[in-house]
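Written out below as structure tokens is the structure these notes cover.
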Amino acid sequence: MTRLLLAALLLGITACSSHPASADKADASAAATQIRLPLVIRNAKGNHRFDVEVARSPQEQERGLMFRTSIETDGGMLFPMSPPRTASFWMENTLVPLDMLFIRTDGSIAFIKANAEPYSRIPVSAGIPVAAVLELRGGRAAELGIAPEDRVRWGRCAAPAEKVADGLDFCPAP
């Protein structure tokens, strides 16, 4: 009986672990299956290229970068909004700070929320309809001098010579 009780207790502790190993594998698998896309931000210093994951489906957009323990230096996640809409994001279950860049339909950055606080449930929004939201590693926008009104493009518009997934090009007029 004591063995049975001990086994049940150990099983319960393992099941209640805050971040089991299987979740790590699931996170890595989810990242590996995401569509990656070239994205370029043009500012006063020139062009800077990122290779970002794309959250296309409602499920991918809901999960976003939750549970990630790190973000690549020139990585991130793009959330296309079709049709454009007033997007609101929060940081629940997000373990690392993020910069959130809200991109207008003309490709200009409307608003940047720098270093959004992990686990925060406070909504972040530009307050206007946007074509997309780009999440980068926290502090990366400041490191590169990225600011509101800088210009963003992605897909073939960012890297014409590369093969990218169909239907994901964003080529606003200069």
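Because only heavy atoms are used, hydrogens play no part in the values below, and waters and symmetry mates are left out as well, while side chains stay in. Note that the coordinates shown come from a computational prediction; the quantities given were computed from them, not determined experimentally.
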So which heavy atom on Arg68 is nearest to which on Leu95, and how close? O-CB, 3.4 Å
Would you say that Leu39 contacts Leu78 through its side chain, given a criterion of any heavy-atom pair below 4.5 Å between the two side chains? yes
Counting N and O atoms only, with roles assigned by atom type, does the side chain of Asp169 sit under 3.5 Å from a partner on the main chain of Arg156, one being a donor and the other an acceptor? yes
Donor-acceptor contacts, no H, no angles, side chain residues 131-138, under 3.5 Å, sequence neighbours left out:
from, atom 1, to, atom 2, distance (Å)
Arg137, NH1, Thr73, OG1, 3.4
Arg137, NH2, Glu143, OE1, 2.9
Arg137, NH2, Glu143, OE2, 2.8

Test item: Phe67 and Asn93 side chains (from C-beta on) under 4.5 Å apart, heavy atoms: yes
Under 3.5 Å, side chain of Glu60 to main-chain N/O of Arg56, donor-acceptor pair present? yes
For a quick test of reading the model, state the closest non-hydrogen atom pair linking Arg121 to Trp90 and the distance between them. O-CE3, 3.2 Å
Under a 3.5 Å distance rule, please check whether Arg42 uses its side chain to pair with a backbone N or O of Gly46 as donor and acceptor. no
Got Val96 and Pro118 here, is their nearest side-chain heavy-atom distance under 4.5 Å? no
Between the side chain of Glu53 and the main-chain N/O of Met77, is any donor-acceptor distance below 3.5 Å? no
All heavy atoms of Ile146 vs all of Asp150, minimum pair found to be CA-OD2, 3.3 Å
Passes side-chain contact (heavy atoms from CB on, under 4.5 Å), Leu37 versus Phe170? Steps please. CA-CA 11 Å; Leu37 197 61; Phe170 183 72; over 6 Å; no
Do Phe89 and Met100 come within less than 4.5 Å of each other through their side chains, counting heavy atoms only? yes
Is there side-chain contact between Glu92 and Ser120, with heavy atoms separated by less than 4.5 Å? no
Where do Phe50 and Ile41 land on the side-chain contact (heavy atoms from CB on, under 4.5 Å) test, with the steps shown first? CA-CA 8 Å; Phe50 296 86; Ile41 298 178; 3.8 Å; yes
Salt-bridge test for Glu162 and Arg49: reply yes if a basic N is under 4.0 Å from a carboxylate O, no otherwise. yes
Check Glu72 with Arg140, please: is the shortest side-chain N to carboxylate O separation under 4.0 Å? no
Is it true that a side-chain atom of Trp154 and a backbone atom of Val40 form a donor plus acceptor pair closer than 3.5 Å? no
Could you tell me which non-hydrogen atom of Ala142 sits nearest to which non-hydrogen atom of Asp99, and how far apart they are? N-OD2, 4.4 Å
Is the shortest distance from a Lys or Arg side-chain nitrogen in Asp51 or Arg36 to a carboxylate oxygen in the other one below 4.0 Å? no
Arg151/Asp106 under side-chain contact (heavy atoms from CB on, under 4.5 Å): CA gap, chis, key distance, verdict: CA-CA 8 Å; Arg151 307 288 293 190; Asp106 69 356; 3.8 Å; yes
Under a 3.5 Å distance rule, please check whether Asn43 uses its side chain to pair with a backbone N or O of Gly145 as donor and acceptor. yes
Please assess Met81 against Thr105 for the test side-chain contact (heavy atoms from CB on, under 4.5 Å), listing each intermediate value before the final yes or no. CA-CA 10 Å; Met81 307 287 161; Thr105 57; over 6 Å; no
Distance, nearest 0.5 Å, that separates OG of Ser88 from CD1 of Ile122: 11.5 Å
Closest approach of Ile109 and Arg104, non-hydrogen atoms and distance? O-NH1, 3.4 Å
Heavy-atom distance under 4.5 Å between the side chains of Glu149 and Ser108, does that happen here? yes
Nearest heavy-atom pair of Ala87 and Ser125: which atoms, and what distance? O-OG, 2.9 Å
Residue that, paired with Phe111, satisfies side-chain contact (heavy atoms from CB on, under 4.5 Å) out of Leu101, Ile103, Val124: Val124
